[in-house]
Protein chains: 2
Amino acid sequence: MARRVTIKDVAKKVGVTATTVSMVINNNPSISTRTRDKVLKAIEDLNYYPNHAARSLVKRKTNTIAILAEFFYPLFYQQLLDGIEHRVIGSPYSFIHFATLASKPIREKIFREILYGRVADVLISFNRVPPQRLLTEYIKEKYPLVVIEHDVPGLNSVLCDNFIGGYKATEFLIKQGRKNIYCVSPRRIDAAGGSDVQIKRVEGFKKALEDHGMDFSEERIIETTHFYFEAGKECYNSVLKDIKGLDAVFAAAGDPVAIGIIHAAQNDKVMIPDDLAVIGYDDLEVAAFINPPLTTIMQPGKQMGIKAVEIALSYFDDDINSNVHKIVFEPELVIRESV
Amino acid sequence: MARRVTIKDVAKKVGVTATTVSMVINNNPSISTRTRDKVLKAIEDLNYYPNHAARSLVKRKTNTIAILAEFFYPLFYQQLLDGIEHRVIGSPYSFIHFATLASKPIREKIFREILYGRVADVLISFNRVPPQRLLTEYIKEKYPLVVIEHDVPGLNSVLCDNFIGGYKATEFLIKQGRKNIYCVSPRRIDAAGGSDVQIKRVEGFKKALEDHGMDFSEERIIETTHFYFEAGKECYNSVLKDIKGLDAVFAAAGDPVAIGIIHAAQNDKVMIPDDLAVIGYDDLEVAAFINPPLTTIMQPGKQMGIKAVEIALSYFDDDINSNVHKIVFEPELVIRESV
DNA sequence: GTGAAAGCGCTAACAT
DNA sequence: ATGTTAGCGCTTTCAC
């Protein structure tokens, strides 16, 4: 990296000292207007920009927000990211992404690096928390951590109630007269990372069934290995298609899986929703554009992202921010034509 | 931020000097195995992690890659990001995202910040280049810049030939016997940012028409304002539906727009592909799962992301990397059932 | 209102 | 094989 213009260059050009320039940059009021103007002009002329590392070093503050996720391409995460981006712009913060790629060692390494390496001032994590020992350290060090989609006592979290979502989806199916309802969901997510999202949705499913006097058994939960379109297709072809009397599916795994199921069912000459009702989860943009349009449970992803940033930023506004924030959004049923 | 354990703490604990610890961290071979082991153990015990800012400051290297895009949620960008993430993991680099939110001043500010503020060692930009004056500075300063999806002489770029893509799409439509083909594309992207992606695709469209002796006129290009599903729907409802004799559409604007068009057309009792053939662009994951499955032009997004990172990293392997890299992938026709 | 001096945590010569 | 010294670019007392 070539040498760049530093604060000293600016100082020399104006005929003041680095301190003065620094004060101007930091809006210190005890600088005369005359000097301030000259300094500002020199900064402009020389294309001076403060060195981020040097600043972080002395201020012990990086002005960056870390975002951690296993992967960033799940479509629901786009909505989260969208909210985050919009909220961060205009503030002096930028953000740095860490994809842990579903690897436990990588995840642990990243959680350590963030905590101890001072890469960022605060961490927003998508559905993942540090392993227990590290988590204790986070708490002990009072490192600002906000977790989206995962509820851990003592941690800031931004949630959308998955139990209610599962309940609403199932109840709607029941009220539409469906009698033989199955739920598609990953059964057990990577225990180490710990996700209770799916579990809660399934609990809502179960409760709704019971509340309406309908039979529930574990077999009603069909397992998928992942969350993408392909999983829905595989799921239909390998198990759903052979269930006799099946008339409804709640894709707790999300809209892409629901869409995959619909796709496979239609290929199988099954009419949606007449023969089979399908309800998704998330209300992704695409949900409204398939045929038939997908009935689903909406989570306010963008709002959730915004809220996460706001909690994060609140740590810098007042230093004495010690309360734990827990924001819970309510999922909404979006009725279209697949049920 | 609380004080953390520093290199000195480690040194003191072991009874050596900071230099020694530093050498261990940096794998300097001239350290005795005995000392190395003791230092490593102390690092472990104390949970020491090098301060990123301090390191960047002295090494003049941040070990971070900046990624810039207007927004990160276009679905094709997910594929790019996926490739980037996978390629970066395992290297000592992390990456920082800058969303410019379609704002010219924000974009310029970010381009300046990256160049002068030393936030990152290299910039991978999605389809955007700095304004002319700044671009000159980038080149003058030899700041490593790789641009995806935008071909600018003298800059590293990773491309997928949009002219060929447009040509292939159109030619396929023609060979399937379509006679009255329209192209849907944003006509003029933000001139300041400068995107020629769409323009090239449209040129391919035009050339294919001409090569096959078919009439081309500007009216055959239908303008959209954005790239999402909704745009396709609007486009169909406001103009496509009234075009008499229309039998094919090339959605140069991308798969989501194609899907939006199909959705709206189906609502209008138009049969796809019998009455209307629709071909998309990108081959997003969802393309295979709509009904009918979408015929489209595939761009190897993940590969493109990987390649971009590799070019970026090459700047660190050899310092004397002065040649400009220009990688051009070839788009492929993916035949499904919408044509 | 501005400057001098010290130091943030680390690394890179240069010694020894 | 390890320690001494200086310095990366900036901010922050504390003087004046």
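Chain letters run A, B, ... following the sequence lines, proteins first, then strands; residues in each count from 1.
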Contact nearer the 5' end of DNA chain D, comparing B:Leu57 with B:Val16: B:Val16
Separation of C:dC10 C1' from B:Arg60 CZ (nearest whole Å): 14 Å
d(NZ, B:Lys59; C1', C:dG9) in whole Å: 13 Å
Nearest-angstrom distance from the residue atom CD1 of A:Ile31 to P of C:dG3: 8 Å
Contact under 4.0 Å: B:Arg55 side-chain N or O vs C:dG9 OP1/OP2: no
Between C:dA4 (P) and A:Met23 (CE): distance, integer Å: 13 Å
Given C:dC8, C:dC10, C:dA5, the nucleotide with the shortest approach to the side chain of A:Thr19: C:dA5
Side-chain N or O of B:Ser22 closer than 4.0 Å to phosphate OP1/OP2 of C:dT11: yes
Nucleotide nearest A:Thr17 (side chain, heavy atoms from C-beta), chosen from C:dT11, C:dG3, D:dT12: C:dG3
Between C1' of C:dG1 and CZ of A:Arg34, the distance in whole Å: 13 Å
Distance below 4.0 Å between A:Tyr116 side-chain N/O and C:dG9 OP1 or OP2: no
Pair B:Tyr116-B:Glu137, side-chain donor/acceptor within less than 3.5 Å: yes
Salt bridge present between B:Glu108 and B:Lys104 (N-O < 4.0 angstrom): no
Cationic N near anionic O, under 4.0 Å, B:Lys41 to B:Glu44: no
Side-chain N or O of A:Asn51 closer than 4.0 Å to phosphate OP1/OP2 of D:dC8: no
Out of D:dT4, C:dG1, C:dA5, whichever nucleotide has its closest atom nearest the side chain of A:Ser30: C:dG1
B:Lys8 NZ to D:dT4 C1', straight-line distance once rounded to whole Å: 13 Å
Between A:Tyr315 and A:Asn156: side-chain donor-acceptor atoms closer than 3.5 Å: yes
B:Ile25 CD1 - C:dT11 C1' separation (whole Å): 10 Å
Candidates C:dG3, C:dG9, D:dC10 - which lies nearest the side chain of B:Val58: C:dG9
Rounded distance (Å) that lies between atom P of D:dT11 and atom CG of A:Asn63: 11 Å
Sugar-phosphate, base or nothing in reach of B:Ser32, heavy atoms under 4.0 Å: sugar-phosphate
Residue met sooner reading DNA chain D from 5', once B:Ala54 and B:Asn28 are mapped to nucleotides: B:Asn28
Sugar-phosphate only, base, or nothing, as touched by A:Thr35 at under 4.0 Å among non-hydrogen atoms: sugar-phosphate
salt_bridge(A:Arg4, B:Glu141) N-O dist < 4.0 Å: yes
